[in-house]
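Data first, discussion second: the structure below is written as structure tokens.
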Amino acid sequence: MQNKRSIFADRIVVKIGTSTLIRQNSKINLTVIKELAHVLSKLKQAGKDVVLVSSGAIGVGMGVLNIEKRPIKISKQQAVAAVGQAELMQIYNEAFHEYGMSVAQMLITRDIIDYPESHTNVMNSFQELLSMDNTIPIVNENDTVTVSELDHHTKFGDNDQLSAIVTNLVDADLLIMLSDIDGFYSANPLKVPDAHLVPQIGTISPNIIAAAGGHGTKYGTGGMTTKLKAAELILKHNQQMVLTNGKNPDIIFNILSGEPIGTLFSKAQ
Ligand SMILES: Nc1ncnc2c1ncn2[C@@H]1O[C@H](COP(=O)(O)OP(=O)(O)O)[C@@H](O)[C@H]1O
Ligand SMILES: N[C@@H](CCC(=O)OP(=O)(O)O)C(=O)O
């Protein structure tokens with residue numbers, strides 16, 4: 001049994017991936033969403049600042065529209081995301097209302113980094129929302145409008161890096177990344193069954209990068225590669241990130257109490 005970790009976190013960003021929100025049978029995992037709403041509401045009511053970054057617009061939209069395979073055509077992905085985002089927010093809204101909380105939808109694009117006025121505006125919105133007692137901001141990429149063209153790049157591309165950028169922006173202490181796997185392994189466990197979980201990573205070395213494989217389910221997108229890019233941003237800003245399995249979101253309480261869960265990305269010893 002490893003020692004307890006020293007985790008200091010007054011301001012927390014939690015990212016949940018599509019593979020945790022959607023079951024193998026393509027249905028939304030309402031149990032996970034309800035439990036997540038419970039945990040985040042309790043943290044907020046205990047005086048913590050909480051931001052949720054939620055993927056799932058495209059995955060949920062596929063379910064609503066009965067689409068089996070993730071569309072390849074961008075316009076189709078954007079339309080599916082528009083359907084799914086509305087459904088997802090309705091579910092979050094109901095789940096958080098159970099605990100007397102409201103949710104605030106924040107759909108963002110890269111403009112918030114590239115354009116000072118957009119940056120100021122999004123920072124002001126975060127500040128106002130975080131100062132409210134009973135509100136949880138829920139962030140996603142604005143999938144229906146983002147583009148990636150030669151002279152115009154407004155896409156983040158994946159929510160792993162987006163969640164790290166949000167963690168940097170709001171100056172949070174900790175990013176908790178909830179995925180469908182217990183942490184970062186020495187190799188992709190789908191391909192190497194005896195791979196072992198790495199408890200702490202302080203530097204993203206070439207060996208670590210080489211151990212990162214692609215996504216697991218048909219719903220995941222970036223796999224470990226984008227999670228490492230997110231971790232790199234977190235480490236650069238001297239923040240901390242814990243990557244763990246989101247199937248029981250009340251694991252967040254255990255993480256905050258210092259239990260050695262998942263993989264901790266931190267420069268601290
Ligand atoms: N070294 C590794 N350690 C752990 N998981 C890995 C590794 N390399 C690849 N993976 C895969 O990454 C998947 C998680 O990423 P992804 O499917 O994009 O999920 P999410 O929807 O949570 O972003 C895991 O299910 C696993 O199959
Ligand atoms: N903005 C997209 C999320 C894309 C993404 O990064 O998904 P995931 O790898 O599941 O975190 C959506 O909501 O479907």
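Each ligand, and each atom within it, is numbered from 1 in the order the structure gives. Atom set for the values below is all heavy atoms of this structure, side chains included, hydrogens, waters and symmetry mates excluded.
A tilted orientation is assigned to the rings of Y99 and H38, their planes being inclined by 30° to 60°.
Among the atoms of S186, none of the N or O lies under 3.5 angstrom from an N or O of ligand 1. Considering backbone and side-chain N/O atoms, D180 comes within less than 3.5 Å of an N/O atom of ligand 1. Among the atoms of A211, some N or O lies under 3.5 angstrom from an N or O of ligand 1. In terms of polar-atom proximity, defined here as any N/O pair under 3.5 Å, G17 makes no such contact with ligand 2. An N or O contact shorter than 3.5 Å links S55 to ligand 2 by distance. For ligand 1, the polar-atom distance check against G223 finds a nitrogen or oxygen pair separated by under 3.5 Å. Residue contacts with ligand 2: N159 is placed with a nitrogen or oxygen under 3.5 Å of a nitrogen or oxygen of the ligand (distance criterion only). Looking at ligand 2, you won't find any N or O of S19 less than 3.5 Å from one of its N or O atoms. For ligand 1, the polar-atom distance check finds no N/O of L190 at less than 3.5 Å from any of the ligand's N/O atoms. For a threshold of 3.5 Å applied to N or O pairs, the pair formed by G59 and ligand 2 contains no separation below that value.
Near S179, meaning under 4.0 Å from any of its heavy atoms, are these atoms of ligand 1: 14 (C), 19 (O), 20 (P), 22 (O). Every atom of ligand 2 with a heavy atom of D158 under 4.0 Å away is listed here by number and element: 6 (O). Annotation for ligand 1: atoms under 4.0 Å from non-hydrogen atoms of T18 are 21 (O). The contact set between ligand 2 and K15, taken as ligand atoms under 4.0 Å from a residue heavy atom, comprises 8 (P), 11 (O). Applying the 4.0 Å criterion to heavy atoms of I58 picks out, from ligand 2, the atoms 12 (C), 14 (O). Distances below 4.0 Å separate heavy atoms of A187 from the following atoms of ligand 1: 1 (N), 2 (C). Within ligand 1, the atoms closer than 4.0 Å to a non-hydrogen atom of P189 are 3 (N), 4 (C), 5 (N), 6 (C), numbered from 1 in the order shown.
Contact between A195 and ligand 1 is absent, with no heavy atom of the residue lying under 4.0 Å from the ligand. Residue A81 places every heavy atom at 4.0 Å or more from ligand 2. Residue K227 places a heavy atom less than 4.0 Å from ligand 1.
Nearest residue to atom 26 (C) of ligand 1 from N188, I208, L243, T20 is N188 (criterion: closest heavy atom). Residue D143 holds the heavy atom nearest to atom 1 (N) of ligand 2 of all those in V80, D143, L107.
A side-chain N or O of N159 and one of S55 form a donor-acceptor pair less than 3.5 Å apart. There is no side-chain donor-acceptor pair under 3.5 Å between S118 and D111. Using modelled atom types, one finds a donor on one side chain and an acceptor on the other under 3.5 Å when comparing N142 with T144. Under 3.5 Å, the side chains of D158 and Q161 contain a donor-acceptor pair of N or O atoms.
Looking at K48, its side chain does come within 3.5 Å of a backbone N or O of A9 through a donor-acceptor pair. Within the 3.5 Å criterion, the main-chain N or O of R11 finds a donor-acceptor partner in the side chain of D173. In this structure, the side chain of Q200 engages the main chain of A268 through a donor-acceptor pair within 3.5 Å.
For N188, the side chain to side chain donor-acceptor pair (under 3.5 Å) criterion is met by no residue, not counting sequence neighbours. Listed by chain and residue number, N168 satisfy the side chain to side chain donor-acceptor pair (under 3.5 Å) test with H237 (two or more places apart in sequence, or in another chain).
We find that K227 and D160 are joined by a salt bridge, their nearest charged nitrogen and carboxylate oxygen being less than 4.0 Å apart.
Linking Ile, Leu, Val, Met, Phe, Trp and Tyr residues whenever their side-chain heavy atoms come within less than 4.5 Å leaves V103 and V122 in two separate clusters. F126 and I176 sit in two unconnected hydrophobic clusters of ILVMFWY residues. Membership requires side-chain heavy atoms under 4.5 Å apart, directly or through other members.
Contacts of K15 with ligand 1, taken as heavy-atom pairs under 4.0 Å, involve the side chain alone. Residue contacts with ligand 2 for N140 involve side-chain atoms from C-beta outward but no N, CA, C or O (heavy atoms, distance under 4.0 Å).
Distance CD1/I138 to CG/L36: 8.0 Å, rounded to 0.5 Å.
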